[in-house]
*Asks:* 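Let me give you the structure first, and then I'll get to my questions.
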Amino acid sequence: MRFRPDTWRPWLEPLGAGHVLETGTACTTGRRGDRGISRDDVTALRSGVGDDPDGLRDLFVAVMIWGSGTTNGRGPRHTSAALSDARLEDVLRTTRASVRSGDLKSAYARFALNGVGRSFFTKWFAAVDDRGPDADRALILDVRVFRSLNALGWSSREAAGVGHWPTRYAVYVSTMHGWARELGVTAEWLEWLLFDRNGRVHDGDEH
């Protein structure tokens, strides 16, 4: 994902998070100064975090940058709002612990930071989930994935049997892992496919 450090710097440097802009690699094409950050870059950053609150904060910022790219102009402002939220350290610590213990329902219920909605806090869940491949690891549930699920006729409310969003998210994750096992792919790949299709799940949709 390409991002523009100059766009983020005024929002991050006053809060002591400007150094996160060095994550990833410099882009050799396109606009000068752009950098690229991948899911692998975020995973590598996670491996060195440990229990350090500042490290968790840096990882969160990297997730927000990765999730925003160059298309979400509100990303820097929303990240700044989250970093200024007094709940930040506790929310990042407790939700990471819930995710790593497999309690995705609690993680969803506990996540509350200014400027951060489901599309981004589920990216945080996916980033901090370091469980092995046999676990139903956290997945991203953003607008594009949701659009594809709806186009397939799958309803999280109907699957969960309740309107409670933490439960609906947990059911989404377990369902995706079940589908992935049946198809012989990873749930992360299936999530990416739904994101990429953005609701265009039937042949001929783009014609």
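When reading the values below, keep in mind they use all heavy atoms of this one structure, side chains included, and skip hydrogens, waters and symmetry mates. The structure presented is a predicted model; accordingly, all values stated were derived computationally and were not measured.
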*Asks:* If we ignore hydrogens and angles and just use 3.5 Å, is the side chain of Arg100 paired with the main-chain N or O of Asp129 as donor and acceptor?
*Replies:* no
*Asks:* Using the six-membered ring of Trp165, assess whether NZ or CZ of Arg118 lies under 6.0 Å from its centre and within 45 degrees of the ring axis.
*Replies:* yes
*Asks:* Is there a side-chain contact between Leu139 and His177 (heavy atoms, below 4.5 Å)?
*Replies:* yes
*Asks:* As an exercise, state the distance from CZ of Arg2 to SG of Cys27, rounded to the nearest 0.5 Å.
*Replies:* 4.0 Å
*Asks:* Do the side chains of Phe146 and Val162 join up, straight or via other hydrophobic residues, at under 4.5 Å, putting them in one cluster?
*Replies:* no
*Asks:* Leu183 and Leu149: same hydrophobic cluster, using ILVMFWY side-chain contacts below 4.5 Å?
*Replies:* yes
*Asks:* Whether the side chain of Ser106 engages the backbone of Asp103 through a donor-acceptor N/O pair (distance < 3.5 Å, no angle test) should be reported.
*Replies:* no
*Asks:* Evaluate the criterion side chain to side chain contact (heavy atoms under 4.5 Å, CB included) for residue pair Leu15 and Ser84; output intermediate values, then yes/no.
*Replies:* CA-CA 8 Å; Leu15 296 169; Ser84 302; 3.8 Å; yes
*Asks:* How close do Ala151 and Val201 get, heavy atom to heavy atom, and via which atoms?
*Replies:* CB-CG2, 3.6 Å
*Asks:* Is it true that a side-chain atom of Tyr169 and a backbone atom of Thr122 form a donor plus acceptor pair closer than 3.5 Å?
*Replies:* no
*Asks:* Decide yes or no on side chain to side chain contact (heavy atoms under 4.5 Å, CB included) for Lys123 and Val42, but give the supporting numbers first.
*Replies:* CA-CA 11 Å; Lys123 289 180 175 68; Val42 173; over 6 Å; no
*Asks:* If you define the side chain from C-beta out and look only at heavy atoms, does anything of Arg96 sit under 4.5 Å from Val49?
*Replies:* yes
*Asks:* Does the side chain to side chain contact (heavy atoms under 4.5 Å, CB included) test come out yes or no for Leu83 and Leu12, once each step is laid out?
*Replies:* CA-CA 9 Å; Leu83 293 178; Leu12 297 184; 3.9 Å; yes
*Asks:* Looking at Asp85 and Arg87, does any basic side-chain N land under 4.0 Å from a carboxylate oxygen?
*Replies:* yes
*Asks:* Please round to the nearest 0.5 Å and tell me the distance separating atom OG of Ser155 and atom OH of Tyr172.
*Replies:* 14.0 Å
*Asks:* Where do Phe3 and Ile37 come nearest, in terms of heavy atoms and distance?
*Replies:* CD2-CG2, 3.7 Å
*Asks:* Is the shortest distance from a Lys or Arg side-chain nitrogen in Arg131 or Asp136 to a carboxylate oxygen in the other one below 4.0 Å?
*Replies:* no
*Asks:* Over all heavy atoms of both residues, which pair between Val145 and Asp142 is shortest? Give the atoms and the distance, please.
*Replies:* N-OD1, 2.9 Å
*Asks:* How far apart are the C-alpha atoms of His164 and Arg168, what are their side-chain angles, what is the distance that settles it, and do they pass the side chain to side chain contact (heavy atoms under 4.5 Å, CB included) test?
*Replies:* CA-CA 6 Å; His164 184 241; Arg168 291 168 68 176; 5.8 Å; no
*Asks:* Side-chain contact test, heavy atoms from C-beta onward, threshold under 4.5 Å: evaluate it for Thr175 versus Trp179 and give yes or no.
*Replies:* yes
*Asks:* Could you tell me whether the side chains of Ser98 and Arg110 share a donor-acceptor contact shorter than 3.5 Å?
*Replies:* yes
*Asks:* Give, for atom CG of Leu141 and atom OG of Ser156, the distance between the pair rounded to the nearest 0.5 Å.
*Replies:* 7.0 Å
*Asks:* Under 6.0 Å between ring centres: does that hold for Phe121 and Tyr108?
*Replies:* yes
*Asks:* What are the two closest non-hydrogen atoms of Val61 and Ala17, and how far apart are they?
*Replies:* CG2-CB, 4.3 Å
*Asks:* Is the shortest distance from a Lys or Arg side-chain nitrogen in Asp54 or Arg57 to a carboxylate oxygen in the other one below 4.0 Å?
*Replies:* no
*Asks:* Is a side-chain N or O of Ser148 found less than 3.5 angstrom from the main chain of Leu194, in a donor-acceptor match?
*Replies:* yes
*Asks:* Just wondering, do Phe60 and Val116 contact through their side chains at under 4.5 Å, heavy atoms?
*Replies:* yes
*Asks:* Same cluster or not: Val20 versus Trp11, using hydrophobic residues (I, L, V, M, F, W, Y) connected whenever any side-chain heavy atoms lie under 4.5 Å apart?
*Replies:* no
*Asks:* Donor-acceptor check, side chain of Arg144 to backbone of Phe195, threshold 3.5 angstrom: yes or no?
*Replies:* yes
*Asks:* Are Leu193 and Val185 linked, directly or through other ILVMFWY residues, by side chains that come within less than 4.5 angstrom of each other?
*Replies:* yes
*Asks:* Looking at CZ of Phe111 and CG of Leu92, how far apart are the two atoms once the value is rounded to the nearest 0.5 Å?
*Replies:* 6.0 Å
*Asks:* For Glu191, is there an ion pair with Arg39 - N to carboxylate O distance below 4.0 angstrom?
*Replies:* yes
*Asks:* What pair of heavy atoms forms the shortest contact from Ala180 to Leu190, and how long is it?
*Replies:* N-CD2, 4.1 Å
*Asks:* Please tell me whether Thr95 and Trp124 have a donor and an acceptor in their side chains that are separated by less than 3.5 angstrom.
*Replies:* yes
*Asks:* Is a donor on one side and an acceptor on the other found under 3.5 Å between the side chain of Ser68 and the backbone of Ile65?
*Replies:* no
*Asks:* Nearest 0.5 Å please: distance from the OG1 atom of Thr29 over to the CG atom of Asp34.
*Replies:* 9.0 Å
*Asks:* Do the side chains of Asp58 and Arg46 get close enough for a salt bridge, i.e. N-O under 4.0 angstrom?
*Replies:* no
*Asks:* What's the shortest heavy-atom distance between Thr79 and Met64, and which atoms?
*Replies:* OG1-CB, 3.3 Å
*Asks:* Rounded to the nearest 0.5 Å, what separation is found between the OG1 atom of Thr7 and the CZ atom of Arg4?
*Replies:* 6.5 Å
*Asks:* Is it the case that the side chains of Thr43 and Asp40 hold a donor-acceptor pair, with the cut-off being a distance below 3.5 Å and no angle test?
*Replies:* no
*Asks:* Tell me if a side-chain donor or acceptor on Glu13 pairs with a main-chain N or O of Gly18 at a distance below 3.5 Å.
*Replies:* no
